[in-house]
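Just below is one structure, and these are the notes that go with it.
Letters A, B, ... mirror the listed sequences (proteins, then strands); counts begin at 1.
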Number of protein chains: 2
Amino acid sequence: MSSSEKLEQARRHYIESLAETMEMYGLSPSMGRLFGIMFFHDEPMTLDEMRKLTGMSKTSMSTGVRALSRLKLVHKKWQKGVRKDLYEAEHDQFRSFVDFFSQLWEKEIELNQKNLTKTERNLKSLLQDPELTPEERDQVEEDLEKLKRARRYYTWLDHLVDAFESGDIFKYVPIPDEEAD
Amino acid sequence: MSSSEKLEQARRHYIESLAETMEMYGLSPSMGRLFGIMFFHDEPMTLDEMRKLTGMSKTSMSTGVRALSRLKLVHKKWQKGVRKDLYEAEHDQFRSFVDFFSQLWEKEIELNQKNLTKTERNLKSLLQDPELTPEERDQVEEDLEKLKRARRYYTWLDHLVDAFESGDIFKYVPIPDEEAD
DNA sequence: AAGTTTGTACAGTTTTTTCTGTACGAACTG
DNA sequence: CAGTTCGTACAGAAAAAACTGTACAAACTT
């Protein structure tokens, strides 16, 4: 095997495991692979280069890169004189990590807190209902208790997101020195 | 609408948003719904009860509940005199959260750190190769630099997992009081 | 303004995942 | 030990997701 083939193979191997990881986080295998390729590609890439390296269609590259952008794992990079859109993988893995989970958790909070409030309101008004049997009343009260605990959880999660977004998390769990293990 | 229908509806609504959240974390919608149902069901449930409440097959309940168990979102509960397996949703959402992400991240670390070491070894031995053009050598060195940064990231992530598993995270980001927002 | 190039919407196909019914082994019951 | 109940493996059907090619709009070039 030639030395350039060996390099190619080493990369491909690592890219495959990167892709597998990203699959755990809900990305499709191909998108994971695309990210891996971009991660090793030192220059910002065009859709056509991606197409060549992944062997997939340009349409897929377009939608894929957009998905990765939305997750901030990849971003557009402008270069003067170049008409095509250029994209590069986010170099800073700490930033990727923090951004990714902040986004995920924020979405969770937003989605659920809204519904929680609505459900709480419904249940509270239901307590006024004279038709309610004592048994049902207990049920409703139990549910309200559960929702209260849930609210506490979302409040906490919100604080956690703050710690991630502000970078305070790195005060609590510091980034290790170069040498450390 | 009768009061019990109203209760049913309020729950269903909240369950739907819970399910949607869990979908973000890679669970199928039905499994999310199953979890939601179990979350509101105060008594531990049998597969047959689940089947009735979800309207799905018992086979699905069996596989679903096992998936949820593996993620520690649900656990078996033994009750004397009851022959059927009983399952209940984990009540403590903080625990669920912490367990879920610890597991996820641990899997990521395990998977990638192994491959990282292997790739690093391959690239280092490639540096010895006399066939290597100067350009390729630069490439390899650049890649090794990337892997070094990646290693640092995994080390950090491991520390974060420790903070989650030990509960230290709650020292840094405390669980709010009942009243607080 | 006509001609290119570039990115994406959309419809249809392929692949993957989810779900069900059947079948069967293990654990219990009388 | 024969009969019952329970959970799950497995194969196939149904549903969902990923992927591609065509077509077209926007931006650029001459």
Rounded distance (Å) that lies between atom P of C:dT14 and atom CE of A:Met56
16 Å
May I ask you to check whether B:Phe101 and B:Phe164 place their ring centers less than 6.0 Å from one another?
no
Tell me the interatomic distance from B:Met31, atom CE, to C:dT20, atom C1', rounded to whole angstroms.
12 Å
Quick one: B:Met50 CE to C:dT20 P, roughly how many Å, whole number?
15 Å
Please report, rounded to the nearest Å, how far the C1' atom of D:dC28 is from the NZ atom of A:Lys80.
19 Å
When rounded to whole Å, the CG to C1' distance for the pair A:Leu68 and C:dG7 reads 16 Å
Sugar-phosphate only, base, or nothing, as touched by B:Ser28 at under 4.0 Å among non-hydrogen atoms
sugar-phosphate
Could you tell me whether the phosphate oxygens of D:dA18, OP1 or OP2, come under 4.0 Å of any side-chain nitrogen or oxygen in A:Ser57?
no
Tell me, for nucleotides 4-14 of chain D in 5' to 3' order, what letter each nucleotide earns: B for a base near a protein heavy atom under 4.0 Å, S for only sugar-phosphate near one, - for neither?
-BSSBBB----
Does a side chain donor of either A:Glu136 or B:Ser3 reach within less than 3.5 Å of an acceptor in the other side chain?
yes
Please give, in whole Å, the distance from D:dG21 P to A:Arg51 CZ?
10 Å
Min side-chain heavy-atom separation B:Phe40-A:Asp143 under 4.5 Å:
yes
With a 6.0 Å cut-off on the ring centroids, do B:Phe97 and A:Trp105 count as close?
yes
Taking atom P of C:dT8 as reference, at what distance in whole Å does atom CZ of A:Arg70 sit?
12 Å
Validation: residues 62-83 of chain B side-chain donor-acceptor distances under 3.5 Å, sequence neighbours left out:
| residue | atom | partner | partner atom | Å |
| --- | --- | --- | --- | --- |
| B:Thr63 | OG1 | B:Thr59 | O | 3.3 |
| B:Thr63 | OG1 | B:Ser60 | O | 3.1 |
| B:Ser69 | OG | B:Val65 | O | 2.8 |

Name the orientation class of the two ring planes belonging to B:Phe100 and B:Tyr25 (parallel below 30°, tilted from 30 to 60°, perpendicular beyond 60°).
tilted
